[in-house]
Amino acid sequence: MLTIKPVDPNQIEVMHLIEQLDAYQSSLYPPASNHLDSIDELSKSNAFFLAAYFDSEICGIGSVKLLGEYGEIKRLYVPLNQRGKGIARAIIKELESHLIKQAVSYARLETGIYQQAAIKLYETLGYCRIDPFGEYKADPLSVFMEKKLV
């Protein structure tokens, strides 16, 4: 059974998935196009971090940072051997639910052009492409997306 719960990103099993995500992102994009929040950043009071578990095995992570009128989804990752099971979709739904409870109107994210499966998932969940937001600058390797939550 899939369980999703808030966790401390400093947990060893969570840090292991963050390291996998960093390695994956670094294999796809140059450093200037990687926007990898540190564990310290993910531990701040404006961040909400989740982990998904099948029974007791961690199988995915995701976070959202509250940034005024919007929340930015960060560090969404499901290991390759766990993909196709609806884990990422379930994590996103939980992150969106958290934003709604916080009276946040929009969920935004940045992803890379080579992550077509992720882009397709976001589109099926109602995310639309937008211009760069916050501190992001235009980058030909980035895709910026937004969803109105309420």
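If you're wondering where the values come from, they're calculated on a predicted model, not measured in any experiment. Along the sequence shown, residues carry numbers from 1.
Taking 4.5 Å as the limit, some side-chain heavy atom of Glu69 sits within range of a side-chain heavy atom of Arg108. Proximity of Val64 to Val104: side-chain heavy atoms (C-beta onward) are nowhere separated by under 4.5 Å. In this structure the side chain of Leu99 never reaches within 4.5 angstrom of the side chain of Phe48, judged on heavy atoms. Within the 4.5 Å cutoff, the side chain of Ile4 has heavy atoms near those of the Ile91 side chain.
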Table please: side-chain donor-acceptor pairs of residues 132-143 below 3.5 Å, with sequence neighbours left out.
unit_1 : atom_1 : unit_2 : atom_2 : d
Tyr136 : OH     : Glu72  : OE2    : 2.3
Tyr136 : OH     : Lys74  : NZ     : 3.2
Asp139 : OD1    : Ser33  : OG     : 3.4
Asp139 : OD1    : Leu141 : N      : 2.8
Asp139 : OD2    : Ser33  : OG     : 2.7
Ser142 : OG     : Glu110 : OE2    : 2.7

Donor-acceptor pairs are to be reported for all side-chain atoms of residues 18-29 against protein atoms at under 3.5 Å, with residues two or more places apart or in another chain.
unit_1 : atom_1 : unit_2 : atom_2 : d
Gln20  : OE1    : Tyr77  : OH     : 3.1
Gln20  : NE2    : His16  : NE2    : 3.0
Asp22  : OD1    : Arg75  : NH1    : 2.5
Asp22  : OD1    : Arg75  : NH2    : 2.9
Gln25  : OE1    : Gln115 : NE2    : 3.1
Ser26  : OG     : Asp22  : O      : 2.9
Ser27  : OG     : Tyr24  : O      : 2.6
Tyr29  : OH     : Gly112 : O      : 3.4
Tyr29  : OH     : Ile113 : N      : 3.4
Tyr29  : OH     : Tyr114 : N      : 3.0
Tyr29  : OH     : Gln115 : OE1    : 3.1

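The hydrophobic clustering, which links ILVMFWY residues whose side-chain heavy atoms are closer than 4.5 Å, places Leu109 and Ile119 together. Linking ILVMFWY side-chain heavy atoms closer than 4.5 Å, directly or via other members, places Met145 and Ile130 in two distinct hydrophobic clusters. Criterion: ILVMFWY side-chain heavy atoms under 4.5 Å apart, direct or through other members. Under it, Leu80 and Tyr53 are not part of a common hydrophobic cluster. A continuous path of Ile, Leu, Val, Met, Phe, Trp and Tyr side chains, each step under 4.5 Å between heavy atoms, connects Tyr122 with Leu149, placing both in one hydrophobic cluster. By the criterion of side-chain heavy atoms lying less than 4.5 angstrom apart, applied directly or through intervening Ile, Leu, Val, Met, Phe, Trp or Tyr residues, Leu95 is not grouped with Leu67; the two fall into different hydrophobic clusters.
Here the closest non-hydrogen pair linking Phe144 and Asp131 is CB-O, 3.8 Å. In terms of heavy-atom proximity, Ala88 sits nearest to Leu121 at CB-CD2, 3.7 Å. Residues Ile87 and Ala52 share a closest heavy-atom pair of CG2-CB, 3.8 Å.
Arg129 has a carboxylate O that lies under 4.0 Å from a charged side-chain N of Glu123, or vice versa, which qualifies the two as a salt bridge.
Rounded to the nearest 0.5 angstrom, Cys128 SG and Glu146 CD are separated by 8.0 Å. With values rounded to the nearest 0.5 angstrom, Leu76 atom CG is found 10.0 Å from Leu50 atom CG. Annotation: the span from Cys59 atom SG to Arg83 atom CZ amounts to 12.5 Å, rounded to 0.5 Å. Residue Phe49 holds its CZ atom at 9.5 Å from CG of Asn10, rounded to the nearest 0.5 Å. The CD1 atom of Ile58 sits 4.5 Å away from atom CG of Leu17, with the distance rounded to the nearest 0.5 Å. Taking CG from Leu2 and CD from Gln82, the interatomic distance works out to 9.5 Å, rounded to the nearest 0.5 Å.
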Pair Lys44, Lys65 - check side-chain contact (heavy atoms from CB on, under 4.5 Å), show working.
CA-CA 9 Å; Lys44 290 185 177 178; Lys65 292 187 339 186; over 6 Å; no
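Of the possible donor and acceptor atoms, none in the side chain of Asn34 sits under 3.5 Å from a partner among the backbone N and O of Leu36. When atom types are taken as modelled, the side chain of Asn46 and the backbone of Leu66 share a donor-acceptor pair closer than 3.5 angstrom.
Annotation: side chain to side chain donor-acceptor pair (under 3.5 Å) contacts of Glu96 (sequence neighbours excluded): Tyr127, Lys147.
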